[in-house]
Every structure is written in C-alpha cells, then in structure tokens.
Amino acid sequence: MSLQPDDSDLDQLARTLDAAHVFHSWSAQGVKSALTIAGGKGVRVWDHAGRDYLDFSSQLVNTNIGHQHPVVVEAIREQASLLTTIAPSTVNLARGEAAKRIAGRAPEGFEKVFFTNGGADANENAIRLARLYTGRDKILSTYRSYHGNTGAAIVSTGDWRRVPNEFARGHVHFFGPYLYRSEFWAETPEQESERALRHLRRVIESEGPASIAAILLETIPGTAGILLPPPGYLEGVRELATEHGILLILDEVMAGFGRTGEWFAFDAYDVRPDLITFAKGVNSGYIPVGGVVIDDPIAHAFDERVFPGGLTYSGHPLAMASIVATQDAMESEGIVANAKRVGAEAIAPGLAGLAAKHDVIGEVRGTGVFHAMELVADRASRAPLPAADMARIKGALVERGLLPFVQDNRIHVVPPCVVTDADVAEALAIYDDVLATAL
C-alpha cells in the first residue's frame, strides 16, 4: 500500500494549507475558494485530480502567450543555470536584450526602459518621472480605471479600492468616455468623445494647468470594463496635454503585448504618449516584472541628474530571460496576429450572437482577445445585474469547466492570445448554456 497521497488528497492539502496560512488580496479572509490549480498548458489549467478548465480569464489577464509555453520555460531554466540574480546597478546581457525588444515595439524616440517588479510600481515610477521632469505635482486620471495597489498607483485608480487607501497627494479624477453609461448625455460615439474632451478641458482649467504633471490613462480601460475609446478621444487628450505642457502616460499593463491584437494598444490610434507603462503580457506573468518605456527627452533629463528611485529586483535576470523568450516566440509564431484574427472572426461575432439571444446581455464590446459582456437586469433601464446573480453565473461557469473573469456586472472574455477558434466555440457554448439556465 502506497504511503504517497493520491491526487484528491493533494487538492485537499492545498486547500487546507491555503486556509491556514495564506492571506489573500482583495478578499474577506473568511471566504474560501475551493478551486485549486496544479498545472496548465496553453489555454487550459487543471487541479491535482485532473479536472480540466478552459482559462478564459488568462488568470488576471496576463497569460498572453498561454500557460507553460515551452520556449519561455526553457529560457527561464537556462538563465537560472547561468545566473539567477544580480544587482540592478550592474550590466547584464539579458537585461539589455529585453530592453531592446521592448523599446523596439515603442514609437521612434523611446530608447530607454526602467524595469520594475510589476504594473503597479511601473505606474508609480511613471508618476515619479512625470513629477520630476515637469516640476509639477498633480496627476489626472479617470474614475473608471485601475492602475495598481501601491501608494500613488492606487490613488490614481478610480474605482472603490482607492477610497480606503487615499494616502498619496496630488491626484484628481475625471470621467472618461463610456457611451453605454454616458456621463454626458451623449447618443453617439462622436458626441461622447467631444463632450468627454470638453469635460477634461474644464477639469484642467479648473485645477490649473501649471499644477498638472501628467494625465494617466489606460489606453483601453480593462478592469473597469474594456472601454474602447471613441473616435478622436485619445488624440484629443494628447492635444490637450501638449497645449498645457502636461505629460501623457499611457498604462498598457493589461492592454499591451498582444491583448488587443496589437503590440501596444495605442498602435491602433493616432496618439504618441510620453511614458508607457507595461507588465503582465510582456512575459505572460511567468516571472513578476513591469516597467516604464521613457521618451528620450525625459530619459536624457537624468543623464547628469540622479533619478531618485530604484528596486532591488529591477531587471531581474530570470524576468529578463522570460521577456526575451516571450517576445521572440510571439513574433515568430504570429501570436499577436492570431489574437487580432480570432477576436474579429470568432469572439466578436460569437458574442454578438449571444447578445441577440439573451436579453441579460446589455452590450458586448472589445477587440482582439479583450472583450466584455455587460449584463443587465433590464435592457431598457440598463440596470446592472445584481451581485448575487453574477455570483451564480460565475459559479455555473466554473462548474461547467470555464474559468471566467467576472468584474461587477460584466463577464470579460479574455483568453490567452494563443486561443483557437475551437476554444472560442467551446467557451461560447458554455456561456450560452449558463446564461440560459443559471438565473
């Protein structure tokens, strides 16, 4: 008789240890999850007992290249055998190669990359750079946004999570465009864009342009609802920023590196930021990493002046190796193009078909592998579907073998960029079944 635990025992052991010792983020600690993940491959994950799940959350919208991509895993293994860690003040080949690849995806004139440990401190340091470069203090950001859980990043965030964490100074919020729930009584995308820009102009004028260091925007707000900017909006923000000597920071942490079917989400718009923040998809989260891509004039301002910031693990060799491998594999395997094609040919029409069939879907929107279904209790009033109903839907999706990304009254359809048409068809069938029966 074997003394080794069987697979179901390992799932239970994992849950027991988790309940006893792990303090979870954004959670009441008394609420325990029964979902255990032991392994994964591509767009699927499974528990110790072998139960399989189709991952249409990409975990936290970060596994763009899919789970356990062999090229990236091997690159991490090779780097670990060579050098596992080194101080950021040293020169390291993997770091230089990673920075070269990232800068190569940015517009001309972005040559330098400052590496961080994730998206939150990428935004934190972009804010610091903007303040130091301009000599101004205020940061403008939208109410419907998420920029991370560190000091300035969480206060730049617009949703409820900033309220118990407002310990940073100099942050001002405004309303961005969201036609489905317009703050501006707009009826068309063009009206929404024009009126949202007028609102932003008035906020800038009221706050005092000379006091504003930067406008911080997610190119496409992700956690807030996958809100595609209407025609002319990003270009208009750029014009306002330029007019008043304000820097434009585009947060590409969630939207960047293939998620929208572009290398950077802003590639689909006629806009050039001053600072670009990234994380998540740059290496699919295999090793924690993030960073800021810096416009040359800002970078050169610190050629002789000390930049007062740094991180022990900035440019960590294992993370750098994973970036190089991820970027090269995404290019050689056509993964960004796949995300764009699958989004246009499979996800978008599939979700439109579900919306035509289920009255609970108020709107579908998105691009690439970055879509959302907004669920409503009533289509006429657009009242959001209550939290209890969303919880039932989420539970039913998991029970049917699909890991969803559920936020407020929305299901975000955000599979890895390597997703196939067959995977999408499987997910659509599960969504269809659950929306027809769970309520």
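Along the sequence shown, residues carry numbers from 1. Below, all heavy atoms of this structure are taken into account, side chains as well, without hydrogens, waters or symmetry copies.
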Open item on the list: Would D296 and K112 count as a salt bridge (Lys or Arg N to Asp or Glu O under 4.0 Å) here? Give the steps.
Closed with: CA-CA 7 Å; D296 287 352; K112 293 292 185 75; over 6 Å; no

Task: Residues D121, N123; criterion side-chain contact (heavy atoms from CB on, under 4.5 Å); working and verdict - done: CA-CA 5 Å; D121 46 353; N123 285 318; over 6 Å; no

Open item on the list: Pair R15, T36 - check side-chain contact (heavy atoms from CB on, under 4.5 Å), show working.
Closed with: CA-CA 7 Å; R15 287 191 289 270; T36 300; 3.5 Å; yes

Task: Verdict with reasoning, S211 to E207, per side-chain hydrogen bond (donor to acceptor under 3.5 Å, both in side chains) - done: CA-CA 7 Å; S211 72; E207 291 294 330; 5.4 Å; no

Open item on the list: Using side-chain contact (heavy atoms from CB on, under 4.5 Å), reason through I411 and L397 one step at a time and then give a plain yes or no.
Closed with: CA-CA 10 Å; I411 301 171; L397 289 169; 4.2 Å; yes

TODO: Given salt bridge (Lys or Arg N to Asp or Glu O under 4.0 Å), test R128 with E124 step by step and report yes or no.
DONE: CA-CA 6 Å; R128 182 179 301 181; E124 199 80 30; 5.9 Å; no

Open item on the list: The test is side-chain contact (heavy atoms from CB on, under 4.5 Å); show your working for Y143 and D159 and say whether it passes.
Closed with: CA-CA 6 Å; Y143 281 106; D159 70 29; over 6 Å; no

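Going from atom CG of N283 over to atom CE of M320 covers 8.0 Å, rounded to the nearest 0.5 Å. Taking CD1 of I294 as the start and OG1 of T277 as the end, the distance is 11.5 Å to the nearest 0.5 Å. In this structure, the separation between OH on Y146 and OG on S141 is 13.0 Å, given to the nearest 0.5 Å. One finds the CD1 atom of I220 at 12.0 Å from the CG atom of D251 (value rounded to the nearest 0.5 Å). Summarising the geometry, atom CG belonging to D52 is positioned 9.5 Å from atom CG belonging to L403; distances are rounded to the nearest 0.5 Å. With rounding to the nearest 0.5 angstrom, the CD1 atom of I226 is 8.0 Å from the CZ atom of R410.
Here E183 pairs with R144 in a salt bridge; the nearest charged N to carboxylate O distance falls below 4.0 Å. The existence of a salt bridge linking E235 and R238 is excluded, since no basic side-chain nitrogen approaches an acidic carboxylate oxygen closer than 4.0 Å. Taking 4.0 Å as the cut-off between side-chain N and carboxylate O, E243 and R201 count as a salt-bridged pair. A salt bridge does not link E194 with R198: every distance from a Lys NZ or Arg NE/NH1/NH2 to an Asp or Glu carboxylate oxygen is 4.0 Å or more. Between D421 and R341 there is a salt bridge, since a side-chain N of the basic residue sits under 4.0 Å from a carboxylate O of the acidic one. Using a 4.0 Å cut-off between charged side-chain N and carboxylate O, E374 and R181 make a salt bridge. Taking 4.0 Å as the cut-off between side-chain N and carboxylate O, R382 and E363 do not count as a salt-bridged pair. Electrostatic pairing of D55 and R44 does not count as a salt bridge here, judged by no charged N lying under 4.0 Å from a carboxylate O.
When the shell of 6.0 Å around CZ of F174 is examined, it contains more than 12 heavy atoms from other residues, nucleotides or ligands. Annotation: D270, atom CG; neighbour count of heavy atoms from other residues, nucleotides and ligands within 6.0 Å does not exceed 12. The number of heavy-atom neighbours closer than 6.0 Å to NZ of K138, taken from other residues, nucleotides and ligands shown, is above 12. With a 6.0 Å radius and a threshold of 12 heavy atoms from other residues, nucleotides or ligands, E108 has its CD atom at or below the threshold. For E74, the CD atom sits in a packed shell: over 12 heavy atoms of surrounding residues, nucleotides or ligands are nearer than 6.0 Å. In the displayed structure, E187 atom CD is contacted under 6.0 Å by at most 12 heavy atoms of other residues, nucleotides or ligands.
Cation-pi geometry between R195 and W185 is not met: the NZ or CZ atom fails to fall both under 6.0 Å from the ring centre and inside 45° of the normal. A cation-pi arrangement is absent between R51 and W46 under the rule of less than 6.0 angstrom and at most 45 degrees off the ring axis.
What you find for H371 and L351 is that their closest heavy atoms are CB-CD1, 3.6 Å. Residues I139 and L216 approach most closely at CG2-CB, 4.1 Å, considering heavy atoms. The nearest pair of heavy atoms linking A168 to A152 is CB-CA, 4.0 Å. The shortest non-hydrogen separation linking L140 to V203 is CD2-CG1, 4.0 Å. Listed here is the closest heavy atom pair of T134 and A213: OG1-CB, 3.4 Å. Scanning all heavy atoms of the two residues, the minimum distance from F266 to I276 falls at CZ-CD1, 3.7 Å.
Donor-acceptor pairing under 3.5 Å is lacking for the side chains of N117 and H316. Side-chain contact check for H171 and S156: at least one donor-acceptor pair (N or O, by modelled atom type) lies under 3.5 Å. In the model, S58 has a side-chain atom that pairs as donor or acceptor with a side-chain atom of R259 under 3.5 Å. T223 and Q407 share no side-chain donor-acceptor pair at under 3.5 Å.
Put simply, the side chain of H69 gets close to the backbone of V71: a donor and an acceptor are under 3.5 Å apart. No donor-acceptor pair closer than 3.5 Å links the side chain of T142 to the backbone N or O of G176. R95 places a side-chain N or O within donor-acceptor distance of the main-chain N or O of G315, the cut-off being under 3.5 Å. Q29 places a side-chain N or O within 3.5 Å of a backbone atom of S27 that can act as its donor or acceptor partner. Proximity of a side-chain donor or acceptor of S193 to a complementary backbone N or O of P189 within less than 3.5 Å is not detected. The closest donor-acceptor contact from the side chain of T420 to the backbone of D423 lies under 3.5 Å. R136 places a side-chain N or O within donor-acceptor distance of the main-chain N or O of P209, the cut-off being under 3.5 Å. The main-chain N or O of Q191 is found under 3.5 Å from a side-chain atom of T188 such that the two form a donor-acceptor pair. Under a 3.5 Å cut-off, the side chain of S322 and the backbone N or O of A319 do form a donor-acceptor pair. Proximity of a side-chain donor or acceptor of S284 to a complementary backbone N or O of K280 within less than 3.5 Å is not detected.
Relative ring orientation between F405 and H412 is described as parallel, the plane-to-plane angle staying below 30° on a 0-90° scale split at 30° and 60°.
For the side-chain contact (heavy atoms from CB on, under 4.5 Å) test with Y431, the passing option among E426, M373, R400 is M373; the others fail. Looking at E331, E252, E262 one by one, the single match for side chain to side chain donor-acceptor pair (under 3.5 Å) with R105 turns out to be E331.
Using a 4.5 Å cut-off on side-chain heavy atoms (C-beta onward), F115 and V292 make no contact. Side-chain contact check for H147 versus I127: every heavy-atom pair is 4.5 Å or farther apart. Side-chain contact between E333 and V418 is absent, with no heavy atoms from C-beta onward closer than 4.5 Å.
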Table please: side-chain donor-acceptor pairs of residues 386-396 below 3.5 Å, with sequence neighbours left out.
residue: D389; atom: OD1; partner: R392; partner atom: NH2; Å: 2.1

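Taking the six-membered ring for Trp and the full ring otherwise, the centers of F264 and F257 sit less than 6.0 Å from each other.
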